[in-house]
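In listed order, ligands and their atoms are each counted from 1.
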Amino acid sequence: MTGSCILTYHSLDTSGSVISIPPAVFREQMDWLSENGVPVVPLDRIRETPGAVAITFDDGFRNFFEHAAPVLRQFRFPATVFAVSGFCGGWNDWPSQPRHAGIPRLQLMGWQELEQLAKTGITIGCHTATHPYLSRLSAAEVEEELYRSRSDIEQRIGMAVETFAYPYGDLTPRERQAAARHFHLACGTKLAFLSAGCDALDLPRVDAYYLRRRLWFRGVDKPYGSAYLAARGWLRVVRQRLTI
Ligand SMILES: [Zn+2]
C-alpha cells in the first residue's frame with residue numbers, strides 16, 4: 001500500500017501563528033514537490049492516486065489570492081479552497097474564533113476573487129456559512145449551515161460545490177451524515193496519510209504547519225515507492241512533535 005496525502009494550509013503570512021506559513025516556505029514546499037516529481041492531483045482524485053498529494057486551503061484567506069494562487073499557477077498544481085460563505089469579503093472574526101490563541105485577524109477573499117479562482121482551475125469547496133463547531137448545533141442548524149453555504153457558493157461562482165471541510169475537524173456521526181447529503185467528499189483534521197478504504201466523508205489530512213521546517217516536509221516523500229513503513233515512522237515523529 002502506498003500512501004497519499006492531503007495537505008492542509010490556512011494562511012500564508014509571516015506572523016508565526018499556528019495557522020500561518022510564510023509565503024516563501026510555501027513556495028519552497030511547492031518547489032520541492034515539483035523537483036521530486038510528486039504528483040499533485042485534485043482532491044477528488046486523491047483516493048485513486050497512490051503516492052500523490054492534494055493541496056487544500058481552509059477559510060479562504062485573501063493571502064491565498066496574493067501568495068498561493070500565482071505559485072500554484074506556475075507549477076500547474078491544482079488546489080481546493082474551502083470558503084466560509086457568510087464571511088466572504090470580510091474578516092475571520094466568526095464567533096468561534098479564539099482570539100487568545102494568537103490567531104491574527106485576517107481578511108478573507110470576496111466573491112469576485114473566488115469566482116475568478118474557480119475559472120482558473122482552483123476548486124472552491126465549502127467550509128460552512130459561519131464556521132461553527134458543528135457538533136454543538138442542533139440538527140436543523142447543521143443542515144442550514146451546510147445547505148446555505150453550498151447554495152450560496154454555487155450561485156456566486158456558477159459551479160457545483162462537491163467538497164466540504166468540517167470547521168476544526170469537529171464531527172460526530174450526525175455531521176458526517178449531514179455532509180453525505182450535500183457533498184461527495186469531506187475533510188476532517190485527523191492526522192494521517194490516506195489508506196485503502198478510508199472514509200470519503202472524513203478524510204484525514206496533514207497540516208502543513210507541522211511540515212513547515214523544510215526537513216519535515218521532505219519526510220512527505222517517504223510513503224512513495226514501497227516505503228510505507230517509513231511513512232508510519234515519519235507520522236510517529238510528527239505525532240511526537242505534536243505532543244510537545
Ligand atoms: Zn476553518
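A donor-acceptor contact shorter than 3.5 Å links the side chain of Arg174 to the backbone of Leu134.
Residue pairs meeting the salt bridge (charged side-chain N to carboxylate O under 4.0 Å, His left out) criterion with at least one member in residues 106-129, sequence neighbours excluded: Arg62-Glu113, Glu115-Lys119.
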Worked check of side chain to side chain contact (heavy atoms under 4.5 Å, CB included) between Phe82 and Leu43: CA-CA 12 Å; Phe82 293 110; Leu43 183 60; 3.8 Å; yes
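Across all non-hydrogen atoms, the minimal contact from Tyr166 to Arg176 is OH-CA, 3.5 Å.
For the Zn ion (ligand 1), the set of protein N/O/S atoms nearer than 2.8 Å consists of Asp59 OD1, His127 NE2, His131 NE2, ordered by chain and number.
The aromatic rings of Trp94 and His131 lie parallel to each other, their planes meeting at an angle below 30°, with 60° marking the opposite boundary. Ring geometry for Phe57 versus Phe26: interplanar angle over 60°, hence perpendicular rather than tilted (30 to 60°).
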